[in-house]
Structure formats: C-alpha cells, structure tokens
Amino acid sequence: MDATQTAVGSGGKSHGPAWKLLINGATMFGAVLAIVHGVIVSYFFNAAWGVIFAATAIALLLALVVNAVRRTAGDARAERRFNLLQLVLVSLWMSSAIAIWMTGTRSAWVVAITVPASWAIHIIFSGRGELKVLLRVLAVCTAPMMVFIIYAAWVEFPAWVAIACSISAFSMVASIGESALYSSRNFVELRKALAESSSIKERLQFAMQSTGDGYFEVDLEAMTYKANAGLANSLGYTPAKRDVMAMRDMVHPNDAQSVFQSFAEVKSGQKDGWKQELQVRTAVGGWRWVQLRAQVIAANDIHGRTLIGSVVDLTAWKTIEAELRAAKESAETSSSSKSQFLANMSHEIRTPLNGVLGMAQALEAEDLTSAQKEKVSVILDSGKSLMALLNDVLDLTKIEAGKLEISAVPGDFLHTMKRTRQLFQSTAEDKGLELFVRYDSNFPQRLSYDPTRVRQCVSNLLSNAIKFTTQGSVEVAISAKPLGDGKFTVAVDVSDTGIGMNADTMAKLFNVFTQADGATTRKFGGSGLGLAISRQLARMMGGDLTVTSEEGRGSVFRLTFRAQEAAPAAATAPASKAIEPARRTLRGLRVLLTDDNAINRQVIRLFLAPQGCEITEATNGKEALDRLAQGDFDILLLDVHMPVMDGKETIRRIRASDRWLDLPVIALTADAMSGDREKYLALGMTDYVAKPVDQRELVAKMHQVLGLETLIAPARSA
C-alpha cells in the first residue's frame, strides 16, 4: 500500500502524457500488492472475488496516479478526482479487510488488522492532501481497525483486560490522528521552507549573474571546482566538475602566483577570501581580464568548506582604460608640444621684436622732428600691442597648464589702484573722458594680495572701458567685504557709459578669442583674450569676474578676489629734505655684453651708451669666459640661447670659479614662459630681463644688482 501513495506523491511538473509516469517502481509495487491481496481474498472466498478485487484495486491505483500527476501540474479538477479516488481505493481495501475479519478465524483477524494498520501508517507519512481530506481517509482506515481490536479483546480476554485493550485502541486511534496532524503541519512547513529556499536560490543566482558574468564553487575538501553555465559559456568551456589543479592552465602566468598564494591561504584558514584583477584563458586560447571576488562558506551538515567566487568580465573596461591612457598620453604629448611650440614661437618673435622696439626706443631719445616722433610712437605702440598679445597667449597657456601661480604679498591696494589709474589718465583725456576712482572710507589700509595679477585684471577692464566709450566717463569703485579672521572679499567695479552689450554678447564675452562680434574686432581691435584671462585669474584668486550691461547705455564689470589683512608697514626714518646726489652712476661701468645676435647687441649698446658705460662684446659663452679671463668687468649681460656655449653652461662655469662667484650677471633672454625667471635665478643668474628689452627696465635692473641709486624709474610690470 505504501507504494501506491509514493507513486502519486512523486511530485514535479508533468513534462509529457500522464500515462508515461505510470511505468515506475512505486506504481508497479502497488500493483503487486493489489494482486497479492487478491490471492488472499481468493483463499478466504473464491477466485472470482480475488480477481475482481485485484482488477478494481489496480484500476483505481492507476487512475489515482494519473490524477496525482495532473494535480501536481495545477489541475484543480484533478485535485477533487484524486481525493475521491483515494477515498474509494481505501474503502475497497477496508471492505476486503472487514470481509476477511468476518470469516471468524484468528489468522483472518491478523490479516484484517494488518490492512488498515498499514494504510493508516501510509496515510500519516504521505501527508500531501488537505487536512480535512486526510482525516476523512484516515477515519476510513482506523475505524475498522479499532472495531477489530475492541471486538477481539472482549471475545478473547477477561473484562478487565478488554477494558485496557479498548482504551489502548482509542488511544492508538487518537495517536494516529495526532501523528497525522503533526505530519500535515510538518509537510506544510517543509513545503514553505523549500519554496522559500528555492526563491532565495533563484534570487541569489539572478544577483550573481546580474552583478557579474558568472560564478564558480571550489570544494576545499575534495579540491574540485565547477563553474556555472554563464561563466563556462562566456569563456567557451563546458560546465563540468574539474580538479582544482586544472585551474592553473586557465590563469595567466603573471597572475598565477598571487592567485594560488591567496587560494592556499584560504584553504589553510589564514583568511576568508580575497579580491583581485587577473587574466584568464578562454577556450580558444585568448586572454580576458576579469575581476575575481572569492569568499569561503563554512562547512555544514551537508557540504564541507566551500569557496564561492564571482567573476566580472573587465576586458571592455581594460580596453577603454588603455584607450583613455593612450588618449591622456597623447593629450599630454600634444600639450607639451603646444607649450614647446609656444615657447619656441615666443622666443623667435621676441628676438626680432627686440630689435624693432629697441631701435624705436633709441630713436625716440634722439632729436627728431614732430613727424618723425609720431612715426616712432606708432612703431612703439604697435610693438607694445604685439607684445601684449604675445603675453596674453602665454598667460592663457600657463593657466591651462596649471603653471600660473598667485603670489600674495602685503601692499597698499588703494595706492596700486591710483597708480593704475594714472597709467590710463592720458588715454582717457585724449578721448575727452572723465576717469576717476572712489572707495569706501573704511577700506583696509594694507592687504596681502597679488598686485601684478590684480593690476593686470584691472588694466584689462580699464583699457576696454576706455576703448568702447566715446563720451561720458569711466569710474572705478572699490569696496571690501569682511569675511572674518582678517579676510576680505575685495570688489573692483569698473563702469562706463560706452556702447554696452546685449544678452547674447554677454553670454560669450568670457570665451577665449571672442569679442562682441566681427564688427567690434574690426573697429576696436583686440584678440579677445583679455577678459577670458582676467576671469580665470580672478577665480584663481578666490573671486570672479562678472558683467552687467545694457546696449547703448554702458557696462559694469565687477572683479572680486580674496585678500588677507596685512600688518602695517614698518616705520621708516623721515626722509631728508635735501636730496643727496647718487653715490654712483653707470658712467664708466665696465659691461661685458654677450649675445650671438648682432642686432640685439646693437640695441643694448644704444641703450647703455647714454649712460656712459664701457661695453665689451662677445658672441657666445666661450668668448665671454675668455673676455672675463683677460680683464675685470663690473657686470655681465648674458644671453641664454647661443651657439658654441649657451648661457646655462656659461653661468655654471662662472659660479664654479671663486674669482667670478660674486660677479653680477643679468640674463637677457627671449624665454618668457612660466618658471623661466625662477629657473635662471636657480642656475646662478643675479637677475632676469625678458626680451624685447625695455631701456628703463634694463637700466633699473643694473642699478639694483650693483647696489646703485636708481635714477630712472623702472618700467611698469605686465
């Protein structure tokens, strides 16, 4: 009888006709039991009754199996038919047991009691049906069995024993009922647990497959591993359990040592897992980058210690990474090439420009007619405009390369603004414009800021304001907002009554090489770099550069930057009323001028001739060293880029000699990129003057390095 319910409770979804599931051991064993019991019925009655019982029982059994399969597949009608067929089949067996009991022999009693007892046990442990149906079927089995026991007890034993047997029968039936309830509850709980476990397993598989390209398991006891289908297929292998040693052929030689060292540490219990990137071999022989995450799962009652590893394919990322690296290197090479190109172009442009502006400055100092002076003035103005453009391009390159630094020093900001105003006063007056500066009465007297960069920004704003204003005024308003701890946000508002701008123009105003439109460029000139550079400088100083404007009514540019309050300037001794004469001038100064370019030498000679200097020339560093060895000089003006021996090697040799260790050396060079001045000072130069050389700046530098009083004011810094 057990085999009957085993067959119908085999579970699983039907994957074909139900009759195919009839051919199994459980069903065949149930049929054998029905036939054997038919033989027993034949013994007690006759062969016809035995055949009828066996045929009926087998038919019910087969029908029960078919409906059990359909019920498992979700057929609701099969569920009802199954319950009815089970009840009919059990009733048939109970009827045969009752009939055998009623023959009256003691052997028949044993057989009769065995039939309901075996069915009761079977129904208890089958436990698949609904509880109500289960109890009804169980009642059909236990009722005859209880009657059989009570009847036999009262016929065969004394009353006191019969009473005990009766109580035992009732208790047995109650115990069977409780066992059925317990079995049913356990089955329900087990079914829920299995369903939850299956759901969790599916979620975990989905999560692992979603986060990576697959996973594998390593049995740390048996030393075997198996990859899931997703991982195996992605690498071109057949999913199968393999020996761990076979993994060595799959790991790239560069990664093998680290992988298997970590594996050995995991196996020995030194660590619970690890993570790394490595290359693995595909079935076709190529290599693929993956990220491995491995974790040990502790042993349990079923499995030993297991290593679970998830694998994510990084090949595409590695390809992108390599492309980005190559692009970065290419960009850096391009940037370096651009910087080198700009440095070379700057050098090449400054060298002839030095001759143009130098000769123009020399001409300006001569006795010229008004027409000639005007022509020289045009040359100087044009040359300075070209220099301003060149400096703007270099500044932009420095900013883009991150090499431009802000150097804050203590100073009187209002004094800086007044001097800046004076530089533009004559230009404004020539156009009939009023130019004035106003500031708050409580403005800090001294601030720590970068005067060169602030002056550069304000000069750009004033130059533009005057350029684009034909009548009216240009005003500079200065204010400071305290931020605490001695810090301020300084604002410089430059307003004008000029042509103004519309919204579209303002939107592109701070882009490099951009002006209002083509007509503006043609009418007013300019490269469109000044405002772009000024905004970037302002942001580097912790502020910004913004604009508000109305077309036809003027513009207001606001420059802001951060500054720190500085200590008051140290008190100085009161100046003497009488101006003492200079302790010494440049007259009679012995100057060694070294430059491979004859025009540059001629320009410097023209600059220094009015100062009364005695000039000796050299065309390269070797000649300069020879001249120094032959006579004494007060100062050396040294070009950097020269044939035979350049200025760098020359200054190294000069500073290596005790004789010339303190000789003042001023570098005259067309190198004007960021860091050039610091680089040459570090080599041993006393000071640095960039080409094109300004006469006033050169003379001032010579006074400075020689410790003389400056009789000519230095040129304004850019």
Side-chain angles (χ1 to χ4, degrees), residues 1-9 25-65 85-127 134-159 161-180 183:
M1 294 303 95
D2 293 352
T4 305
Q5 188 62 24
T6 301
V8 300
T27 305
M28 298 301 294
F29 183 66
V32 170
L33 288 177
I35 293 171
V36 171
H37 194 70
V39 174
I40 295 173
V41 172
S42 299
Y43 171 78
F44 285 101
F45 301 103
N46 55 54
W49 283 110
V51 171
I52 292 172
F53 173 83
T56 305
I58 291 173
L60 289 171
L61 173 64
L62 296 178
L64 196 65
V65 171
L85 288 169
Q86 185 184 47
L87 183 60
V88 172
L89 180 61
V90 172
S91 298
L92 175 65
W93 279 83
M94 296 307 104
S95 298
S96 68
I98 293 171
I100 293 173
W101 173 271
M102 294 181 66
T103 59
T105 63
R106 292 184 178 181
S107 58
W109 289 5
V110 174
V111 173
I113 291 176
T114 302
V115 172
S118 64
W119 268 101
I121 295 172
H122 173 65
I123 291 171
I124 288 173
F125 288 102
S126 65
L134 176 66
L135 293 177
R136 288 171 187 159
V137 176
L138 194 60
V140 174
C141 300
T142 56
M145 182 172 59
M146 185 176 65
V147 172
F148 294 161
I149 294 173
I150 294 174
Y151 177 81
W154 284 96
V155 170
E156 297 293 327
F157 303 120
V161 177
I163 292 173
C165 289
S166 299
I167 295 173
S168 175
F170 280 110
S171 299
M172 180 183 65
V173 171
S175 175
I176 290 172
E178 286 297 322
S179 298
S183 175

Got a second to check how far Ile113's CD1 is from Met146's CE, nearest 0.5 Å?
-> 12.5 Å
Taking atom CD1 of Ile98 and atom CE of Met145, what is their separation to the nearest 0.5 Å?
-> 12.5 Å
Could you note down all residue pairs passing salt bridge (charged side-chain N to carboxylate O under 4.0 Å, His left out) where residues 141-152 supplies at least one of them, sequence neighbours left out?
-> none
Quick note, salt bridge (charged side-chain N to carboxylate O under 4.0 Å, His left out) partners involving residues 103-124, not counting sequence neighbours, are Arg106-Glu156
Taking every non-hydrogen atom, the tightest pair across Leu64 and Gln86 = CD1-N, 3.4 Å
Scan for salt bridge (charged side-chain N to carboxylate O under 4.0 Å, His left out) pairs involving residues 47-57, sequence neighbours excluded, and state none if there are none.
-> none
For Ala31 and Leu61, which heavy atoms make the closest approach, and how far apart are they?
-> N-CD2, 3.5 Å
Is the number of heavy atoms from other residues, nucleotides or ligands under 6.0 Å of Phe45 CZ greater than 12?
-> yes
Can you list the steps and then say if Met28 with Val32 is a side-chain contact (heavy atoms from CB on, under 4.5 Å)?
-> CA-CA 6 Å; Met28 298 301 294; Val32 170; 5.6 Å; no
From CD1 (Ile100) to OG1 (Thr105), nearest 0.5 Å = 9.5 Å
For residues 33-56, the salt bridge (charged side-chain N to carboxylate O under 4.0 Å, His left out) pairs (sequence neighbours left out) are none
Residue set satisfying ring-ring contact (aromatic ring centres under 6.0 Å, His included) with Phe148, at least two apart, ordered chain then number -> Trp101
All side chain to side chain contact (heavy atoms under 4.5 Å, CB included) counterparts of Leu92, not counting sequence neighbours = Phe53, Thr56, Ala57, Leu60
Solution key, residues 37-44 side-chain donor-acceptor pairs under 3.5 Å, sequence neighbours excluded:
{"residue": "His37", "atom": "NE2", "partner": "Ser96", "partner atom": "OG", "Å": "2.9"}
{"residue": "Ser42", "atom": "OG", "partner": "Gly38", "partner atom": "O", "Å": "3.0"}

Which residues share a side chain to side chain donor-acceptor pair (under 3.5 Å) with Trp154, sequence neighbours left out = Ser166
